Amino acid sequence: MKIDRHDMPEQDAAARAANFGEVNLGFSEQLALLEARRCIQCKEPKCVQGCPVMVNIPRFLEFVVDGDLPSAARSLFGDNALPAVTGRVCPQETQCECQCVRGVKGKPVAIGYLERFVADWARAHAGVVPIEPRAATGRKVAVVGAGPAGLTAAGELVKLGHDVTIYEALHKPGGVLVYGIPEFRLPKEIVDSEVERLVAAGVKIECNVVVGRTYTLPELRESFDAIFIANGAGLPVFMNVPGENFKGVYSANEYLTRVNLMEAYAENADTPVLRAKRVAVVGGGNVAMDAVRTAKRLGAERAMIVYRRTLAEMPARLEEVHHAMAEGVEFETLIAPLEVLGDDKKWVSGMKCQRMELGEPDASGRRSPKPVPGSEFVLDCDAVVVSIGTRANPLLTATCPDLKLNKWGNIDTDDAGMTSIPGIFAGGDIVRGAATVILAMGDGKRAAKAMDTYLMGTQNG
Amino acid sequence: MHLITAKAQLSPNVTRLDVEAPRIAKIRQPGQFVIVRKAEGCERIPLTIADADPEKGTITLVIQAVGKSTRELVALETGDTIRDISGPLGHPTEMISSGRAVCVGGGVGTAVVHPMAQGLFRNGAEVISVIGGRSKEWVIFEDELSRLGKVVVCTDDGSYGRKGFVTDATKEILDAGGVDIVYAVGPVPMMRAVANLTRPYGIKTIVSLNPVMVDGTGMCGGCRVDVGGSTLFACVDGPEFDGHLVDFDLLADRLGTYRDFEEKANQCCSDGECRIGRG
Ligand SMILES: Cc1cc2nc3c(=O)[nH]c(=O)nc-3n(C[C@H](O)[C@H](O)[C@H](O)COP(=O)(O)OP(=O)(O)OC[C@H]3O[C@@H](n4cnc5c(N)ncnc54)[C@H](O)[C@@H]3O)c2cc1C
Ligand SMILES: Cc1cc2nc3c(=O)[nH]c(=O)nc-3n(C[C@H](O)[C@H](O)[C@H](O)COP(=O)(O)OP(=O)(O)OC[C@H]3O[C@@H](n4cnc5c(N)ncnc54)[C@H](O)[C@@H]3O)c2cc1C
Ligand code: SF4
Ligand code: SF4
Ligand code: FES
């Protein structure tokens, strides 16, 4: 009998567009069992090849089918430290699920939903799966940045018996998971419980330490045997158009940080955020989707995506685009901003835009947008959120001129994650440019392994 | 957690707090600031490191109570704690090591000028400070600055020092000649006035900008300012810039972004103040 892929139960679109509660509600045990049964247990599972950290998907799914959830959890956590996170935010449609053989004639197994199910089950039933450290090695390691790359590396390193200290610039660990990705997509308590798990295993986390200012990298190098740099790609890029500094123009980073980390979604929060009526979000990635859906939830009558290409080229996760549409987000595609307009008090009053058309595919195979002459018009809006990407923040690297960077300012590493300075490793967005949570975690895991080899080598030698 | 080791009222609305932050006390340089979050749920606000005692491991914050967050901070007492302090942030002040520097401070800006004057003095420059306030009781840091050089005090009502604005006194010093550089920190209109004053003299003028900030690490871009036609982030590219290149109108405008919110918050916290007053 052919069973169709099971849909994720979700909050009603009209209701959720007005609250910050999680949109996806999660599979029930019964749904999970039915969906896991759709996996045909391939001998050479393609899905695993599609996963950047090679989660052994058929293995944990088989445990789900058997109803042995503790074993499913052990199997999953063994491959992936943050399955409750990745199950929710991985772009599965271009990774594990797009390779699944069930997707050839029909729909792929809902690997992400099942991953989330097992991880949530483990948190609810078994408590967090504790990390069991190896005997102490006496080696000291510093991790810079408590985003997914840093947290994963710390977990692996403490497991290997090293003495790990994470330095985090903000007052709360989690990186983009706490300041960027909104509560309605990734509840903060999931990140909090992962952080607790690390602390319980002996990882020290010092917040409010800005490496490059509070300590320089060379200073840290003196007191630690190895360092893992995972400070992300947190420098917002602006459009460089007139009017961009008017009141009501935000970077997505600022907008989302105010709402998420500083909790401005609550009416009486100390940190304010503008609750504009017509919000134009420029960009088409995950970050833009998060910003526009946040605007909707903050009460915007019109929450609009302004994107230069078409829906087909949008880099955002498919599920986010669908969710946004169901919530009433408007998609203004093939449009490029030319200027932000302001009133006499320099509040945003609109955005002058230009229509675009797609030209021939470029070297990367993407059809690049070209302006349509004479198509200028004014988009009515009273806030603009710029979400066209981020660059490497030079704050840390500037204090360590020996560290080799590429032409974009990202840190150069070898395949194992070691930088041009022996003993200093790096991973995540600071190496790759803005990428994904799972790639950042993969880097953390790989670098931890290489650091262990490095550390144990220097001890013997 | 950072313990408050001393507190003093410097003027009717300016309070000095000495706070434990040993690492920052040890390495901070003039011109740098910290981001402070009083307690869970509070706003992150930038404050200049007005002074530091590396031996005791304390930094001095001088806070003007203007809104909810600053009021809550000045309501703390010796023995209380501040949850988060991150720093030192921003670039250190660009210094001269010989010659004559005029340091102009208006209101709480005087506390920001103080570490600059200290640095200049240690570097071997001659320091003349021009400081102002509404009236006598609003003048701060006079004693500290007079240890570093000559101090000219100006009050709006003439109740202390000379009557008039800091710009008038500064102009006389410029006219007397020999000034190599001017530092100005205070309300936006005052910094703009000083920059306009020094421009025809062609004397380099450094101002310390105070846009709204969130993270202080270059991540949000909320602190962007226009300097010489380029957009810069005050927290990482500044906070001090060439006053002749700064777009002060834009700065003043952007500072008004949350005025409605602040007014609402202020009403709540003045209720709070009433309760403190009664208790
Ligand atoms: C809004 C948003 C939505 C996204 N949605 C998705 C999604 O759905 N799926 C997906 O896979 N990816 C998504 N991404 C991308 C993903 O979040 C990133 O690729 C990932 O977080 C990178 O991890 P990281 O550990 O390298 O860096 P980050 O998560 O950026 O963490 C870096 C940490 O380092 C700290 N830090 C920075 N500088 C310093 C310093 N000098 N000293 C000390 N600490 C410092 C920062 O405060 C931060 O906590 C999204 C990104 C954003 C912004
Ligand atoms: C680098 C830097 C250093 C600073 N150093 C000091 C210092 O040493 N002592 C000190 O008292 N203040 C300093 N400030 C200003 C201080 O951060 C603000 O006064 C504070 O954030 C206001 O918060 P609030 O909630 O109390 O007031 P709000 O209710 O937020 O604001 C009240 C009023 O202050 C204005 N305002 C808001 N933010 C700022 C700001 N960043 N700067 C100036 N005015 C603002 C508002 O427009 C409003 O009119 C500094 C600011 C910066 C950027
Ligand atoms: S970690 Fe991401 S890519 Fe890998 S199996 Fe899980 S959801 Fe798929
Ligand atoms: S490819 Fe699909 S069907 Fe095959 S093992 Fe992976 S999830 Fe199961
Ligand atoms: S305060 Fe966020 S970039 Fe300056």
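Keep in mind that what you see is a predicted model, and the values were worked out from it rather than measured. So you know, we letter chains A, B, ... as the sequences are listed, proteins then strands, and number each from 1. In what follows, every heavy atom counts, from backbone to side chain, and hydrogens, waters and symmetry copies are set aside.
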A.B. asks: Checking B:Ile85 against chain A: side chain, backbone, both or neither under 4.5 Å from a heavy atom?
C.D. replies: backbone

A.B. asks: Between A:Thr271 and B:Arg44, is any pair of side-chain heavy atoms under 4.5 Å apart?
C.D. replies: no

A.B. asks: With a 4.5 angstrom heavy-atom cut-off, is it the side chain or the backbone of B:Asp249 that approaches chain A, or both, or neither?
C.D. replies: both

A.B. asks: Does B:Cys220 offer a backbone N or O that forms a donor-acceptor pair with the side chain of A:Ser251 under 3.5 Å?
C.D. replies: yes

A.B. asks: Taking the inter-plane angle between the rings of A:Phe238 and B:Phe233 on a 0 to 90° scale, is it parallel (under 30°), tilted (30 to 60°) or perpendicular (over 60°)?
C.D. replies: perpendicular

A.B. asks: Does any heavy atom of chain B fall under 4.5 Å from the side chain of A:Leu395, the backbone, both, or neither of them?
C.D. replies: side chain

A.B. asks: Kindly indicate, with the supporting measurements, whether the criterion side-chain contact (heavy atoms from CB on, under 4.5 Å) is fulfilled by B:Ile27 and A:Tyr215.
C.D. replies: CA-CA 9 Å; B:Ile27 61 162; A:Tyr215 300 95; over 6 Å; no

A.B. asks: Name the region of A:Lys172, side chain, backbone, both or neither, that has any atom closer than 4.5 Å to a heavy atom of chain B.
C.D. replies: neither

A.B. asks: Within the structure provided, determine whether B:Asp253 and A:Phe246 are in side-chain contact (heavy-atom separation under 4.5 Å).
C.D. replies: no

A.B. asks: Output the option from A:Leu396, A:Leu261, A:Val249 having the highest count of non-hydrogen pairs under 4.5 Å with chain B.
C.D. replies: A:Val249

A.B. asks: For the backbone of A:Thr214 and the side chain of B:Arg23, can you confirm whether one donor and one acceptor N or O come within less than 3.5 Å of each other?
C.D. replies: yes

A.B. asks: Locate the shortest heavy-atom distance separating B:Ser86 from A:Ala169; write the atom from each residue and the value.
C.D. replies: CB-O, 4.3 Å

A.B. asks: How long is the straight-line distance from CZ of A:Arg213 back to CZ of B:Arg28, given to the nearest 0.5 Å?
C.D. replies: 15.5 Å

A.B. asks: Sub-3.5 Å donor-acceptor pair from the side chain of A:Asn208 to the main-chain atoms of B:Gly87, do we have one?
C.D. replies: no

A.B. asks: Indicate yes or no for a side-chain donor-acceptor contact from B:Arg37 to the backbone of A:His171 under 3.5 Å, with no hydrogens or angles considered.
C.D. replies: no

A.B. asks: Do we see a donor-acceptor contact under 3.5 Å between the side chains of A:Thr257 and B:Asp215?
C.D. replies: no

A.B. asks: Between CG of A:Leu170 and OG1 of B:Thr217, what distance do you get to the nearest 0.5 Å?
C.D. replies: 6.0 Å

A.B. asks: Could you look at A:Glu168 and say if it's the side chain, the backbone, both or neither that has a heavy atom under 4.5 Å from chain B?
C.D. replies: neither

A.B. asks: May I ask you to decide if A:Glu244's main-chain N or O and B:Arg224's side chain share a donor-acceptor pair within less than 3.5 Å?
C.D. replies: yes

A.B. asks: Tell me, side chain or backbone of B:Val34 under 4.5 Å from chain A's heavy atoms, or both, or neither?
C.D. replies: neither

A.B. asks: Might you confirm whether atom CZ of A:Arg391 has over 12 heavy atoms from other residues, nucleotides or ligands at distances under 6.0 Å?
C.D. replies: no

A.B. asks: For the residue pair B:Met219 and A:Leu235, establish whether any side-chain heavy-atom pair is separated by less than 4.5 Å.
C.D. replies: no

A.B. asks: Hey, what do you get for CD (A:Glu263) to CD (B:Glu40), rounding to the nearest 0.5 Å?
C.D. replies: 7.5 Å

A.B. asks: Using a cut-off of under 4.5 Å for heavy-atom pairs, which of B:Gly90, B:Gly216, B:Gly222 has the most such pairs with chain A?
C.D. replies: B:Gly90

A.B. asks: Heavy-atom distances under 4.5 Å only: say whether A:Asn393 touches chain B with side chain, backbone, both or neither.
C.D. replies: side chain

A.B. asks: Heavy-atom distance under 4.5 Å to chain A: side chain of B:Val214, backbone, both or neither?
C.D. replies: side chain

A.B. asks: Measure across B:Gly218 and A:Pro236 and return the closest heavy-atom pair with its distance rounded to 0.1 Å.
C.D. replies: O-CD, 3.4 Å

A.B. asks: Quick one: pull up CZ in A:Arg258 and OH in B:Tyr258 and give me the separation to the nearest 0.5 Å.
C.D. replies: 3.5 Å

A.B. asks: Taking atom NZ as the centre, does A:Lys352 end up with more than 12 heavy-atom neighbours from other residues, nucleotides or ligands that are less than 6.0 angstrom away?
C.D. replies: no

A.B. asks: To the closest 0.5 Å, what do you measure between CE (A:Met262) and CD (B:Glu43)?
C.D. replies: 7.0 Å

A.B. asks: Between A:Leu256 and chain B, with a heavy-atom cut-off of 4.5 Å, which part of the residue counts as in contact: side chain, backbone, both or neither?
C.D. replies: neither

